[in-house]
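Please read the structure below before turning to the comments.
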Amino acid sequence: NHLNGEPTWEPETFNTFDTWLPKHTHYIGFGTWIGVTLFYAAQNVKYAYGFDGDPSAFAQLERNLQWNSNSLWGKKCKILPTAVIEGSTSKRQMINMKSAGAGNSCSGIKDVACGKVTTHWKVQGFTLPYLMKYYSIPENSSTFVKIDVESYECELLPSWFQWLSQLDNKPTLRVSLHGPNVRMCTKEQYAVIDNIAGLYNDIYINNEQRQDIKTSWFSKDDILLTDNK
């Protein structure tokens with residue numbers, strides 16, 4: 001990234017943050033990697049939480065946060081070395097993760113995005129609703145959730161349908177969809193993701209407002225679902 005404030009890495013992510021984060025008080029990011037988006041987000045909200053299940057990436061994240069612990073935004077951050085697993089109950093379990101290189105930005109639960117798998121490990125996993133309750137994070141539109149999990153969104157999002165359908169005012173979800181770059185979801189999974197989008201007041205595809213979702217978008221775009229005006 002350039003020091004002049006014009007990011008060259010995932011500029012669409014930072015554009016989304018600039019537009020939406022000031023409307024929220026809480027931010028959750030996973031996988032957080034070494035903290036690039038978490039630290040940026042923390043400058044725009046009151047509370048920021050980062051979860052990552054890659055121990056090498058988390059060690060770098062922790063060190064980066066320590067180096068910035070005296071900053072105003074650094075004091076807003078809470079981090080936890082955990083994966084976010086599918087489901088909406090309070091279950092905790094040890095799960096397998098893998099990577100083409102521990103510490104890179106492509107480690108995953110089901111798949112990896114960068115090269116062939118060279119290493120495996122086990123890590124604790126918690127569901128997102130459990131983590132939100134544990135940290136007293138509001139389950140409403142004041143919370144912004146960024147999800148970038150190397151195709152595990154195929155399992156993760158459908159597992160939240162019942163939870164989200166019970167909320168009158170839902171957390172904003174910004175989901176990176178990986179599609180053919182990693183792994184396509186099944187037709188059944190895409191159908192549930194479509195139904196989840198239908199629960200929200202507003203749908204944005206790559207920062208453009210849409211009236212509905214087409215399955216063809218799932219393979220290549222970032223989707224933002226929000227009840228927050």
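Considering only heavy atoms from C-beta on, Asn96 stays 4.5 Å or farther from Ile109 through its side chain. The shortest side-chain heavy-atom distance between Thr172 and Val145 does not fall under the 4.5 Å cut-off. Residues Glu139 and Lys133 meet the side-chain proximity criterion, which asks for heavy atoms closer than 4.5 Å. Put simply, the side chain of Ile85 reaches to within 4.5 Å of the side chain of Gln93, judged on heavy atoms. Annotation: side chain of Phe39 is not in contact with side chain of Val36 (no heavy-atom distance under 4.5 Å). Side-chain contact between Arg183 and Lys110 is present, with at least one heavy-atom pair separated by less than 4.5 Å. Using a 4.5 Å heavy-atom threshold, the side chains of Thr143 and Tyr27 count as separate. Contact check for Phe58 versus Val123: no side-chain heavy atoms found under the 4.5 Å cut-off.
Residues Tyr135 and Tyr130 are members of one and the same hydrophobic cluster, defined by side-chain heavy-atom contacts under 4.5 angstrom among Ile, Leu, Val, Met, Phe, Trp and Tyr. Note: the hydrophobic cluster containing Ile193 also contains Val84 (ILVMFWY, side chain heavy atoms under 4.5 Å, direct or indirect links). Linking ILVMFWY side-chain heavy atoms closer than 4.5 Å, directly or via other members, places Tyr152 and Val112 in two distinct hydrophobic clusters. The cluster map of Ile, Leu, Val, Met, Phe, Trp and Tyr, joined by side-chain heavy atoms under 4.5 Å apart, puts Tyr204 and Phe17 in the same cluster. Taking hydrophobic clusters as Ile, Leu, Val, Met, Phe, Trp and Tyr residues chained together by side-chain heavy-atom distances below 4.5 Å, Leu131 shares a cluster with Leu157.
Nearest heavy-atom pair, Ala42 versus Trp73, reported as atom, atom and distance to 0.1 Å: CB-O, 3.7 Å. Nearest heavy atom pair, residue Leu38 against residue Ile79, reads CD2-CG2, 3.7 Å. Across all their heavy atoms, Ala113 and Val182 have their closest contact at CB-CG2, 3.6 Å. When all heavy atoms of Gly115 and Ala100 are compared, the closest pair comes out as C-CB, 4.0 Å. Across every non-hydrogen atom of Asn64 and Asn68, the tightest pair is O-ND2, 2.8 Å. The minimum heavy-atom distance linking Pro55 with Trp121 is given by the pair CD-NE1, 3.4 Å.
When atom types are taken as modelled, the side chain of Glu153 and the backbone of Ser151 share a donor-acceptor pair closer than 3.5 angstrom. Side-chain atoms of Thr19 come within 3.5 Å of backbone N or O of Asn15 as a donor-acceptor pair. At distances below 3.5 Å, not a single donor-acceptor pair connects side-chain atoms of Asn169 with backbone N or O atoms of Asn140.
Shown are Asp54, Asp52, Thr119; of these, the side-chain hydrogen bond (donor to acceptor under 3.5 Å, both in side chains) with Ser107 is made only by Asp54. Screening Leu164, Leu225, Leu167 for a side chain to side chain contact (heavy atoms under 4.5 Å, CB included) with Leu199, the sole residue that qualifies is Leu164.
Under the 3.5 Å distance criterion, with hydrogens and angles disregarded, no donor-acceptor pair is assigned to the side chains of Asp111 and His178. In this model, a donor atom of one side chain and an acceptor atom of the other lie less than 3.5 Å apart for Asp18 and Tyr40. No donor-acceptor contact under 3.5 angstrom links the side chains of Trp160 and Glu86, judged on distance only. A donor atom on one side chain and an acceptor atom on the other are not found under 3.5 Å apart for Thr226 and Asn228.
One finds the CH2 atom of Trp33 at 10.5 Å from the CG atom of Asp148 (value rounded to the nearest 0.5 Å). A distance of 10.5 Å separates CG of Asn181 from SG of Cys106, quoted to the nearest 0.5 Å. Atom OG of Ser99 is separated from atom CG of Asn104 by 3.5 Å, given to the nearest 0.5 angstrom. The NZ atom of Lys146 sits 8.0 Å away from atom OG1 of Thr32, with the distance rounded to the nearest 0.5 Å. Taking CD1 of Ile196 as the start and CG of Leu173 as the end, the distance is 8.0 Å to the nearest 0.5 Å. In this structure, Glu150 CD and Cys114 SG are separated by 6.5 Å, a value rounded to the nearest 0.5 Å.
Residues passing the salt bridge (Lys or Arg N to Asp or Glu O under 4.0 Å) test with Lys116, sequence neighbours excluded: none. With sequence neighbours excluded, no residue satisfies salt bridge (Lys or Arg N to Asp or Glu O under 4.0 Å) with Lys75. Residues satisfying the side chain to side chain contact (heavy atoms under 4.5 Å, CB included) criterion with Glu188, sequence neighbours excluded, are Thr186. Under the rule for a salt bridge (Lys or Arg N to Asp or Glu O under 4.0 Å), the partners of Arg174 that lie at least two apart in sequence or sit in another chain are Asp222. Take Cys154 and apply the disulfide (SG to SG under 2.5 Å) test, not counting sequence neighbours, and it matches Cys185. Every salt bridge (Lys or Arg N to Asp or Glu O under 4.0 Å) that Asp227 has, sequence neighbours left out, goes to Lys170.
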Stepwise side-chain contact (heavy atoms from CB on, under 4.5 Å) test for Leu224 and Tyr200: CA-CA 10 Å; Leu224 186 139; Tyr200 280 84; over 6 Å; no
Intermediate values then yes/no, side-chain contact (heavy atoms from CB on, under 4.5 Å), Glu155 and Gln189: CA-CA 7 Å; Glu155 286 73 30; Gln189 289 170 332; 3.2 Å; yes
Verdict with supporting geometry, Trp20 and Phe144, ring-ring contact (aromatic ring centres under 6.0 Å, His included): CA-CA 8 Å; Trp20 288 100; Phe144 183 106; 7.9 Å; no
Residue pair Asn44, His24: steps toward the side chain to side chain donor-acceptor pair (under 3.5 Å) verdict: CA-CA 8 Å; Asn44 293 278; His24 298 77; over 6 Å; no
Residues Phe51, Phe126; criterion ring-ring contact (aromatic ring centres under 6.0 Å, His included); working and verdict: CA-CA 10 Å; Phe51 309 128; Phe126 296 96; 8.9 Å; no
Worked check of side-chain contact (heavy atoms from CB on, under 4.5 Å) between Leu128 and Phe30: CA-CA 10 Å; Leu128 179 61; Phe30 60 92; 4.1 Å; yes
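Counting heavy atoms of neighbouring residues, nucleotides and ligands inside a 6.0 Å radius, atom OH of Tyr134 does not exceed 12 of them. Dense packing is recorded around CD of Gln66, with more than 12 heavy atoms of other residues, nucleotides or ligands lying under 6.0 Å away. At most 12 heavy atoms of other shown residues, nucleotides or ligands fall within 6.0 angstrom of atom OH in Tyr47.
Ion pairing between a basic and an acidic side chain is recognised when a charged N comes within 4.0 Å of a carboxylate O; Glu62 and Lys78 show no such pairing. In summary, Arg210 and Asp202 do not engage in a salt bridge, as defined by a charged side-chain N under 4.0 Å from a carboxylate O.
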